[in-house]
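Notes follow once the structure below has been shown.
Any value given below was found using the heavy atoms of this structure, including those in side chains, with hydrogens, waters and symmetry copies removed.
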Amino acid sequence: MPIHRRSFLLASVAFLVFQKENRPPLKNWSVFYPLGAAVGFFSNMLGVVGPMAVPFFLATGVRKQAFVGTMAIGALLMHITGVTTWSVF
């Protein structure tokens with residue numbers, strides 16, 4: 001695995017470990033619009049962008065099952081879009 005991917009994953013893990021536990025849930029849903037754009041942009045360059053979105057989804061206060069389902073649907077839609085785009089070109 002390239003060094004930039006390893007360092008990104010390690011930084012994400014460190015962020016999750018050292019973040020404060022008693023934060024109020026994220027109520028500003030408009031933060032997900034630029035997050036979606038950033039995840040879509042960086043998914044082409046890095047290939048692994050799940051750790052970038054995890055703190056935002058967990059900050060909403062969703063249950064574990066809903067979190068896993070949301071990440072799975074997001075990954076599915078992202079891969080369908082990628083396969084469709086690359087099959088045209």
Those residues that, when tested against Ser30, pass side chain to side chain contact (heavy atoms under 4.5 Å, CB included) (two or more places apart): Asn28, Tyr33
Listed partners of Ile80 passing side chain to side chain contact (heavy atoms under 4.5 Å, CB included), at least two apart: Leu76, Thr84
Val83, Val88, Thr81 screened by side-chain contact (heavy atoms from CB on, under 4.5 Å) with Thr85, the one that passes: Thr81
